[in-house]
Every structure is written in C-alpha cells, then in structure tokens.
Amino acid sequence: MPNLSYVNPSQNSPWGTYLSQVDRVVPYLGGLARWAETLRRPKRCLIVDIPIELDDGSVAHYEGYRVQHNLSRGPGKGGIRFHPDVTLEEVMALAAWMTVKTAAVNLPFGGAKGGIRIDPKQLSRKELERLTRRYTSEIGLIIGPDKDIPAPDVNTNAEIMAWMMDTYSMNVGSTATGVVTGKPIPLGGSLGRVKATGRGVFVVGREAARRQNLSLEGARVAVQGFGNVGSSAAELFAGNGAKIVAVQDHTGTVHNPNGLDIAGLMSELHHKGGIGEFAGGEKIGVEEFWDVPSDLLIPAALEGQLGLERAKRVKTQIVLEGANGPTTSDADLMLAERGILVVPDVIANAGGVTVSYFEWVQDFSSFFWTEDEINVRLDRIMVEAFRRIWETADQHRIPLRTAAFVVGCTRVLQAREERGLYP
Ligand code: NAD
C-alpha cells in the first residue's frame with residue numbers, strides 16, 4: 001500500500017478497499033498505467049474546525065472534511081455526509097469512488113466528497129443550520145460552480161443544500177445556484193433528483209437481470225437500507241412486477257416471502273422514521289436478513305455491510321450496490337467464486353450524480369427540463385454506461401467492478417496524460 005502519512009488503511013477499510021480495486025485495474029490500463037499513482041492519492045484534502053453555538057449557549061466544535069480526489073476531467077462532484085463515524089479516510093474513499101463513477105458514466109466531472117463527524121439527530125434544526133453554514137464557509141475556499149459542487153449524501157437533504165447555496169452566495173456576493181445540486185426545486189433544483197439514485201439502481205438492475213435471463217416479473221428483491229436510495233429503488237422494482245421480500249434499516253428487519261407492501265412501508269417510514277415495526281411482514285434478526293433467498297440483493301445503507309462471512313451465506317443471483325462501497329474486497333472475491341454477479345456501486349448508484357449533472361446544466365442555462373425529459377435522458381445514459389462496462393467485462397473476462405474501473409480510470413488517466421504535468 002502506498003505510504004500516505006495521514007491515513008493508515010486496513011485491507012477492508014474504505015480506502016484500503018479502494019486501493020485494492022485500483023491494484024486490480026492497473027494490468028488493463030496499458031501505457032496509461034504510468035499515471036496510476038494519480039489514482040492512489042487525493043489531489044487535495046481540507047480538514048476544517050466547525051465551532052457553533054448550541055441552543056443552551058455553550059460552544060461545540062466539530063470536525064469537517066472536503067476531499068477533492070481528482071479534477072482532471074472537470075470540477076469536483078460528490079455528496080456531503082453528516083454521520084458520527086465520518087473520518088478523513090472514509091471521505092477520501094468516497095471521493096475516489098466519485099472520480100471513477102463520474103468517469104464511468106462519462107460525466108464531465110472529477111471526484112470529491114465531504115462530511116462532518118456528527119450525529120445530526122442530536123442537534124436542533126437551528127443548530128444544524130448553524131453547523132451547515134459554518135462548514136460551507138470553511139470549505140468555501142475550494143468549492144464553487146466551476147470548482148467543486150457538493151450534493152446530499154447520508155443524513156443531508158435538499159434543505160441543507162439550500163443553506164449551503166445561500167451561505168456560499170452570501171460570501172461571494174451573488175446568487176450561485178450551481179454551487180450545489182439536490183436543491184429544492186424553487187432554488188434551481190431539478191425534477192427527478194430526489195429519486196434519481198434509486199431510479200438508476202433500478203435501470204442498471206433491470207439491464208443486469210436481462211443479461212442474466214432473469215425476468216423482473218415475480219423476481220425476489222431484498223433491500224438493506226430504506227432511505228433515499230433503497231426506498232426509491234424498491235418502489236420501482238415493485239412497480240415493475242418484482243416482490244420485495246425483505247427490507248432492513250437501522251430500526252430493524254422485516255421479511256415476507258410473498259412480497260412486502262411498498263406503500264405501507266413508505267407510510268411506516270414517514271410516520272415512525274423506520275420500518276422495523278412494520279406489521280406487513282415477519283420481524284427477523286439483523287443477521288437473518290442475509291439468509292433470505294432473493295434474486296436481487298440491494299445493499300443500500302452504508303459501506304462495508306457485505307463482508308466475507310455474509311458473502312459466504314447470501315442466497316441471491318445479483319448483488320446490486322445501491323450504497324457506496326457496501327462490499328468488502330474479500331467478500332467481492334467470495335461472491336465471484338460463488339458465481340454471484342456483483343453490479344458495482346460506481347455504475348449501480350450513478351443515477352444521482354447523473355441527474356445532479358442535469359441540475360447543474362439547467363442552472364447554468366437557466367432553462368429547466370420536464371421530469372419526463374430527465375427520466376428518459378437518465379435511462380439512456382445509464383443503459384449506455386452499463387453496456388460499455390458489460391462489454392469491457394466480456395472482452396477481458398473480468399468482473400463488472402474491474403470493468404467499470406477500467407472504463408472510468410482509462411478516461412481519468414487519458415485526461416491526465418493529455419493535460420500533461422504542470423508546470
Ligand atoms: P439515507 O440516510 O437516506 O438512508 C440510509 C438508510 O440506511 C436508512 O434507511 C438507514 O436506516 C439505513 N441504515 C443505516 N445504518 C444501517 C445499518 N447498520 N443496518 C441497516 N440499515 C442501516 O441515505 P441514502 O442517501 O439512501 O444513502 C445510502 C447509501 O447510498 C450511502 O452509501 C450513500 O453514499 C449512497 N448513495 C446515495 C446517493 C444519493 O443520491 N442519496 C447517491 C449515490 C450513493
């Protein structure tokens with residue numbers, strides 16, 4: 001492993017997982033391999049202190065990050081995560097996966113990611129707003145519509161993007177809608193953005209199923225994580241004839257071999273903040289989720305959820321990675337050995353960044369598209385990207401993840417080579 005003095009990754013940590021993915025792609029890069037070290041180093045990591053006044057008058061300090069992994073193909077792009085487990089190393093890995101993702105889908109962006117090490121549920125709404133605004137000011141040094149464009153990720157949403165947009169605009173003295181995506185519609189947000197990642201998961205899952213001769217009609221789908229990504233994907237699979245046989249979130253797991261009622265699950269989530277107590281299925285244990293027989297398994301919660309032990313047990317045909325980095329490196333090898341097709345995050349969940357790209361384009365041109373136009377264009381881009389990756393996998397007889405890295409990293413390193421080294 002390369003020696004970066006500021007992190008010490010283990011094999012299955014997010015950055016360690018990413019580095020082993022890079023190692024696997026190098027043999028397929030031809031002459032571009034001389035630039036491979038670029039992929040193993042973030043271009044820039046900013047660590048910021050975020051002091052805020054709490055409602056009781058005391059002052060609390062939080063640690064925030066913005067990492068720009070690679071900007072060779074365009075401005076940085078990547079979400080902002082608020083979570084107590086956020087670390088610099090995690091943000092580095094998430095930024096790097098954004099580099100590969102934007103390139104694999106051929107969007108004119110680099111890869112970036114940000115986060116604050118905080119449990120946002122412990123803050124009042126006003127405290128959360130102060131936190132977001134101070135963080136935005138601190139990273140304002142390196143973000144901007146043509147530099148680096150944040151978006152929502154775990155525990156951040158359109159309202160937080162609105163505060164970010166407003167803070168950045170106040171600091172630069174003009175309204176800069178294009179500085180973030182995933183904004184509310186009246187502030188230059190795009191129709192279709194909220195469900196875009198889940199829609200992309202569905203489109204890519206549909207394409208993968210077709211190539212495996214698996215009909216979606218009656219197909220059994222298990223979903224871990226019933227947030228933005230998991231719930232939207234589940235809704236579309238159910239709407240296209242599949243049965244959602246198990247769902248797990250941080251509040252529990254429910255199972256129903258005849259299919260869970262999605263509208264009921266959505267209402268449960270809306271009213272109770274989780275699906276753990278949903279009455280339309282049998283409650284099962286956290287580990288039992290991984291034993292439920294399915295045709296498609298969608299990890300759409302956090303990274304590292306599908307480790308080696310779980311990979312030995314899962315009974316499914318296709319793992320469709322809604323989350324970023326849900327499968328550890330050793331689990332990936334185990335799934336391949338067991339003949340289970342893994343559709344990797346960098347393509348499976350690229351729908352969100354694709355519609356973020358549409359949002360950014362619409363903001364620049366101040367001309368907004370209909371939801372139908374957005375969904376049709378999203379479908380077209382995802383189908384084309386998946387086709388290219390599938391053919392690359394076929395050509396080299398490599399897993400889809402390595403193929404997605406071949407397609408993405410080749411584009412990144414071509415840009416690197418053509419730009420040349422400064423000075
Ligand atoms: P979210 O906060 O809306 O939902 C996260 C879900 O995961 C929740 O249902 C939560 O209960 C569940 N969860 C958390 N910890 C869990 C655990 N230990 N076990 C089971 N369930 C658990 O987040 P999201 O936006 O849906 O993001 C989910 C994943 O998708 C993340 O990896 C994120 O990086 C990735 N992703 C999100 C987007 C996007 O547009 N939102 C785009 C690309 C990738």
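One-based numbering, in listed order, for ligands and for the atoms of each. The structure presented is a predicted model; accordingly, all values stated were derived computationally and were not measured.
- Residues Tyr18 and His69 place their aromatic rings such that the two centres sit under 6.0 Å apart.
- Under 4.0 Å from any atom of ligand 1, one finds heavy atoms of residues Arg81, Asp153, Val154, Asn155, Arg193, Thr197, Gln224, Gly225, Phe226, Gly227, Asn228, Val229, Gln248, Asp249, His250, Ala300, Ala301, Leu302, Gly322, Ala323, Asn324, Asn349.
- Between Glu277 and Lys272 there is no salt bridge, since none of the side-chain N atoms of the basic residue sits less than 4.0 Å from a carboxylate O of the acidic one.
- A donor-acceptor contact under 3.5 angstrom links the side chains of Asn324 and Lys101, judged on distance only.
- No hydrogens or angles considered: a donor-acceptor pair under 3.5 Å links the side chains of Asp55 and Ser124.
- Side chains of Thr253 and Gln248: a donor-acceptor N/O pair is present below 3.5 angstrom, by distance only.
- Remark: Arg199 CZ is loosely packed, at most 12 non-hydrogen atoms of other residues, nucleotides or ligands lying under 6.0 Å away.
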